[in-house]
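Written out below as C-alpha cells is the structure these notes cover.
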Amino acid sequence: MDRPLLSLRSTLVFLLALLTGAVTGGLTVVAGEGIARGLLAGLACAGVAVPFFDRLIAAEDSAGRPAARVAAGAAERESDG
C-alpha cells in the first residue's frame with residue numbers, strides 16, 4: 001500500500017475546486033443571500049470547477065510533448081541560418 005490514493009494532479013484539481021466553491025459560497029453569504037443559497041452556490045461552482053481545472057492543468061502524459069516540439073523547431077532554425 002505504498003501508492004497514494006489520488007495522484008498529485010487529481011489532488012490539485014479537487015483542491016482548487018474546493019477553494020473555488022468555498023470562496024463562492026462565502027461571498028454569496030456575505031452578499032446577504034443566506035447560508036442555504038451560499039452552500040448551493042458553492043457546491044454548484046465547485047462542480048463546474050472540477051472539469052475546468054481538469055482541462056486547465058495539463059495531463060502528465062502530454063506535458064513533455066509540446067516542449068520537445070519547440071526545442072526541435074528551434075534546432076532546425078539554428079541549423080538553417
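In what follows, residues are counted from 1 in the order of the sequence shown.
Taking CG of L12 as the reference point, atom CG of D54 lies at 11.0 Å (rounded to 0.5 Å). Residue T24 holds its OG1 atom at 12.0 Å from CG of L39, rounded to the nearest 0.5 Å.
Residue L6 is grouped with residue L56 when hydrophobic side chains (ILVMFWY) are merged at heavy-atom distances under 4.5 angstrom, including chains of intermediate members. In terms of hydrophobic clustering, with Ile, Leu, Val, Met, Phe, Trp and Tyr side chains grouped at heavy-atom distances under 4.5 Å, V13 and L15 are assigned to different clusters.
Taking T11 as the reference, nothing meets the side-chain hydrogen bond (donor to acceptor under 3.5 Å, both in side chains) condition, with sequence neighbours excluded.
Of all the heavy atoms in V50 and A17, the pair that sits closest is CG2-CB, 3.6 Å. Contact detail for P51 and G47: the closest heavy-atom pair is CD-O, 3.2 Å. Scanning both residues, V29 and G34, for their nearest heavy atoms gives CG2-O, 3.6 Å.
Looking only at side-chain heavy atoms (C-beta outward), T20 and F52 stay at 4.5 Å or farther from each other. Taking 4.5 Å as the limit, some side-chain heavy atom of I57 sits within range of a side-chain heavy atom of L16.
For residues 21-44, every residue pair satisfying the salt bridge (charged side-chain N to carboxylate O under 4.0 Å, His left out) rule, not counting sequence neighbours, is listed here: E33-R37. Every pair tested for salt bridge (charged side-chain N to carboxylate O under 4.0 Å, His left out) that includes a residue from residues 13-23 fails, sequence neighbours excluded, so the list is empty.
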